[in-house]
Chemist: 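Pasting a structure here, questions to come.
Proteins get letters first, then strands, A, B, ... in listed order; numbering begins at 1 in each.
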Protein chains: 2
Amino acid sequence: MARMPVAERRSILLSAAFAVISRQGVSGATTRAIVDEAGMKLASFHYAFESREELLAQLVDVVVGNQEVVLALPAEAGTDLERLLELGLLRYFEQVRENPLRERAMFELTQYSMRTPSMQGFAERQYARYRELAVASLREAADRTGCSWRVPLPELAADLVALTDGITLAWLADGDDGRARRTIAFAARALASEGVHPPAAAPTDSTSRTTLTGTTPTTRRGEAS
Amino acid sequence: MARMPVAERRSILLSAAFAVISRQGVSGATTRAIVDEAGMKLASFHYAFESREELLAQLVDVVVGNQEVVLALPAEAGTDLERLLELGLLRYFEQVRENPLRERAMFELTQYSMRTPSMQGFAERQYARYRELAVASLREAADRTGCSWRVPLPELAADLVALTDGITLAWLADGDDGRARRTIAFAARALASEGVHPPAAAPTDSTSRTTLTGTTPTTRRGEAS
DNA sequence: ACGCAACTGGGTCAGATGACCCACTCCATC
DNA sequence: GATGGAGTGGGTCATCTGACCCAGTTGCGT
């Protein structure tokens, strides 16, 4: 109803589309359903976007850009690496629990793009982004606990992404909180066992294992193997 | 064209529907697309099934029943637990690689059922089935290597399912074989570290850890973590 | 051979859907 | 306060879709 710049209208439509998709799936996100969700008239849709497909393509872009969590590390200093990872995963899980529809919509969009020729590459980009975020989180977790990783970080990031995906999917399917939390404990254990423990023991390498104040020591390691 | 009993017609239509879904998604599996795939006329569809929805429901049942692999243990006796698990996961992965469309269709059906009220419970049953299969595979893997599990088997099965799901999903998204194999190695390591090693060492418990011929010792343990 | 019920073909129908159109109405600017 | 274009409303149109129908055919048991 109200007059508004195209940009804002587009953005509202994108949000509305995401909302509809999370409830009805991509195929349920018809132009009419979307404008209805947005409280607009059908004509406004084609004023803002060339076509439904164009909106979907843009939505996919926005969504990849906005993706933020794979592992949500808590602010407080955790005790050891495993516990820190577990807390991070639990926090991620809480986000999923709070907003399951969001996750469903993400899976929905991924699958849609996987079988839409013109969107080839989106799924790839999405997972690249997930791993990128995972790398950052894992690096931070190691830094904070003064650990370092035995395997290349990007590789471990892929493991983390696989675990969170699997945990999320299973939880969306059966909603079993307890199981999800137990799997998270397993995931934390598994990931932490790829880390080298911090206690001021024998420095395994020639590098002079400096302070462990939590900021500087980048803990880059094992880029081979 | 040919005359055939309803049962066979139904089964052909179900296969055709699965094929269409793997290519076009559930929403692309219109009655027309399905009968086209099956080489039938539209009327035959409604002769065999009440409605499209009924076909979809039956498909979902069939598919859950046919589900077979989560971990495909090789026939030859593996060396140690980790290696055996890795080989099993690699074999599973080969199956996925050979038939990616099948996996896509499975995810598609899962998501469809998750947001279809009348099919609530399918996703749940599907994951229950996965875990059931995983339990069997893990038990066999332990038996074969004379190991036992430190955590309850059903719990470990959930971990395995999460891992295979995550690995499969990531591979479907980016098709990176190397990464999938590296994540599989990680998964094998992680799972194996929940097993108790076989070598004739000190029996940790009072139970008289009997033979390890690979059949009888059920290796049930830790039902209480 | 014959009857009849299982099965098929080629249609119809109503509703949904994406795309699009054009007369109208605001509002900012001059 | 005139005016031009950004934005809106209420349609239309072709196509797709699920459901359904009914006159015909064909194979099987008798």
Chemist: Counting just side-chain N and O atoms, does B:R9 come under 4.0 Å of either OP1 or OP2 of C:dA6?
Modeler: no
Chemist: Would you tabulate the nitrogen or oxygen pairs shorter than 3.5 Å linking the protein to nucleotides 19-21 of chain C?
Modeler:
from, atom 1, to, atom 2, distance (Å)
C:dA19, OP2, A:R52, N, 3.0

Chemist: Should the pair B:R182-A:D159 be classified as a salt bridge under the 4.0 Å nitrogen-to-oxygen rule?
Modeler: no
Chemist: Mind calculating the distance between CD (B:E54) and P (D:dA19) to the nearest angstrom?
Modeler: 10 Å
Chemist: Mind calculating the distance between OH (B:Y47) and P (D:dC22) to the nearest angstrom?
Modeler: 17 Å
Chemist: Give the rounded distance in Å between these two atoms: CG of B:L56 and P of D:dT17.
Modeler: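 Going from CG in B:L56 over to P in D:dT17 covers 15 Å.
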Chemist: Taking atom CD as the centre, does A:E54 end up with more than 12 heavy-atom neighbours from other residues, nucleotides or ligands that are less than 6.0 angstrom away?
Modeler: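 Counting other residues, nucleotides and ligands, CD of A:E54 exceeds 12 neighbours.
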Chemist: Going by the rule salt bridge (Lys or Arg N to Asp or Glu O under 4.0 Å), which residues pair with A:R10 if we only count those two or more places apart in sequence or in a different chain?
Modeler: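 Per chain and number, A:R10 pairs via salt bridge (Lys or Arg N to Asp or Glu O under 4.0 Å) with no residue.
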Chemist: Mind checking side-chain hydrogen bond (donor to acceptor under 3.5 Å, both in side chains) for A:T168 and listing every partner two or more places apart, or none if nothing turns up?
Modeler: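 Once residues adjacent in sequence are excluded, the partners of A:T168 under the side-chain hydrogen bond (donor to acceptor under 3.5 Å, both in side chains) criterion are A:Y92.
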Chemist: Hey, could you give me each pair passing salt bridge (Lys or Arg N to Asp or Glu O under 4.0 Å) that has a residue in residues 99-113 of chain A? Not counting sequence neighbours.
Modeler: A:E108-B:R115
Chemist: Angle, rounded to 10°, between the helical axes spanning five pairs at each terminus of the helix from C:dA1-D:dT30 to C:dC30-D:dG1?
Modeler: 10°
Chemist: Can you sort out the partners of B:T110 under side-chain hydrogen bond (donor to acceptor under 3.5 Å, both in side chains), two or more places apart, ordered by chain and number?
Modeler: B:Q126
Chemist: State which residues pass ring-ring contact (aromatic ring centres under 6.0 Å, His included) with B:Y130; sequence neighbours excluded, sorted by chain then number.
Modeler: B:Y127
Chemist: Taking NZ from B:K41 and P from C:dG9, how many angstroms apart are they, rounded to a whole number?
Modeler: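 The distance from NZ of B:K41 to P of C:dG9 comes to 6 Å, rounded to the nearest Å.
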Chemist: In whole angstroms, how far is the P atom of C:dC7 from the CG atom of B:L13?
Modeler: 13 Å
Chemist: List for me each residue that meets side-chain contact (heavy atoms from CB on, under 4.5 Å) alongside B:E94, sequence neighbours excluded, and say none if there are none.
Modeler: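 Testing B:E94 for side-chain contact (heavy atoms from CB on, under 4.5 Å), a comparison that skips the adjacent residues, returns B:R97, B:R181.
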Chemist: Measure from CZ on A:R10 to P on D:dG7 and round the result to the nearest Å.
Modeler: 10 Å
Chemist: Starting at atom CG of B:L55, determine the distance to atom C1' of D:dT17, rounded to an integer number of angstrom.
Modeler: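 Computing the B:L55:CG to D:dT17:C1' distance gives 15 Å.
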Chemist: Give every residue pair that meets the salt bridge (Lys or Arg N to Asp or Glu O under 4.0 Å) criterion with at least one member in residues 29-42 of chain B, sequence neighbours excluded.
Modeler: B:R23-B:E37
